Amino acid sequence: YTDTIQQNYEVFYSSHDGALLRHDMGTVYLEVFPRGKTGEYIVPDEVDVIRDNVFRYSKITRLIVGNGVHTISRRAFYMCEALKVLEFTSGGTVALTIDPEAFYRSENLTILRLPARLAEMDLQMLNQFVDMTTLEVEPGGTTYSSVDNMICNAAGTAILYTPLNIGGEYVIPKGIR
């Protein structure tokens, strides 16, 4: 049994814009990202998993995540202090899970645009982004939606998370209970 699997099983690597991708039994992992790379990086749609610590100490300022990613692992963005913008490409059919510690000690994010396919995320992890100005969920999600930079349930009838930097007077949008 195991001999047959080993004979038909082949791990191989490829690169994308300086990052190392591991292809393993039909799953593509973003395995290594160069710490010195700056500016913007686009995670290709073929990637399924962003691995633990892959962007650790990265100097990128903007990250666009492809619609094939279904898992963002623990501390994937550990100490990624230059990261200001994180966006997900629209579309995709596979549900996305973001580990509660994915952004551990990466507090400088100001813009976060999440995909409709987001299925699981600990909203309290967003509290570390004290300067967040934009928090959006792509329309059409089955778990989350957004209204005025707040995350709501999919129907938009209950506020689940409000960024910490909202101040002053605020009128709750119509339809929210």
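Remember, predicted model here, so these are calculated numbers, not experimental data.
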Between Tyr13 and Arg22, is there a cation-pi geometry (under 6.0 Å to ring centre, at most 45° from the normal)? no
Are any of the side-chain heavy atoms of Leu30 and Val49 separated by less than 4.5 Å? no
Are any non-hydrogen side-chain atoms of Ile98 and Met125 less than 4.5 angstrom apart? yes
Just say parallel, tilted or perpendicular for the rings of Tyr104 and Tyr78, cut-offs at 30° and 60°. parallel
Quick one about His23 and Ser14 (side-chain donor to acceptor, distance below 3.5 Å, no hydrogens or angles considered), yes or no? yes
Can you find a pair of side-chain heavy atoms, one from Val43 and one from Val69, that are under 4.5 Å apart? yes
Just one of Asp99, Asp52, Leu96, Thr97 clears the side-chain contact (heavy atoms from CB on, under 4.5 Å) bar with Ile72, so which one? Leu96
Identify the heavy atoms of Lys84 and Asn108 that sit nearest to each other, and give their distance. CD-O, 3.4 Å
Side chains of Ile50 and Tyr29 in contact at under 4.5 Å (non-hydrogen atoms): no
Salt bridge flag under 4.0 Å for residues Lys59 and Glu81: no
On a heavy-atom basis, which atom in Met132 and which in Leu112 lie closest, and how many Å separate them? CE-CB, 4.2 Å
Could you check whether any side-chain heavy atom of Ile60 comes within less than 4.5 Å of a side-chain heavy atom of Thr38, counting everything from C-beta outward? no
Does Asn127 reach the side chain of Leu164, with side-chain heavy atoms less than 4.5 Å apart? yes
Charged N to carboxylate O below 4.0 Å: is that the case for Asp17 and Lys37? yes
Looking just at side-chain N and O atoms, do Asp148 and Tyr170 make a donor-acceptor pair shorter than 3.5 Å? yes
Anything under 30° is parallel, anything over 60° is perpendicular, the rest tilted; go ahead and classify Phe103 against Phe77. parallel
Ring centres under 6.0 angstrom apart (His16, Tyr41): yes
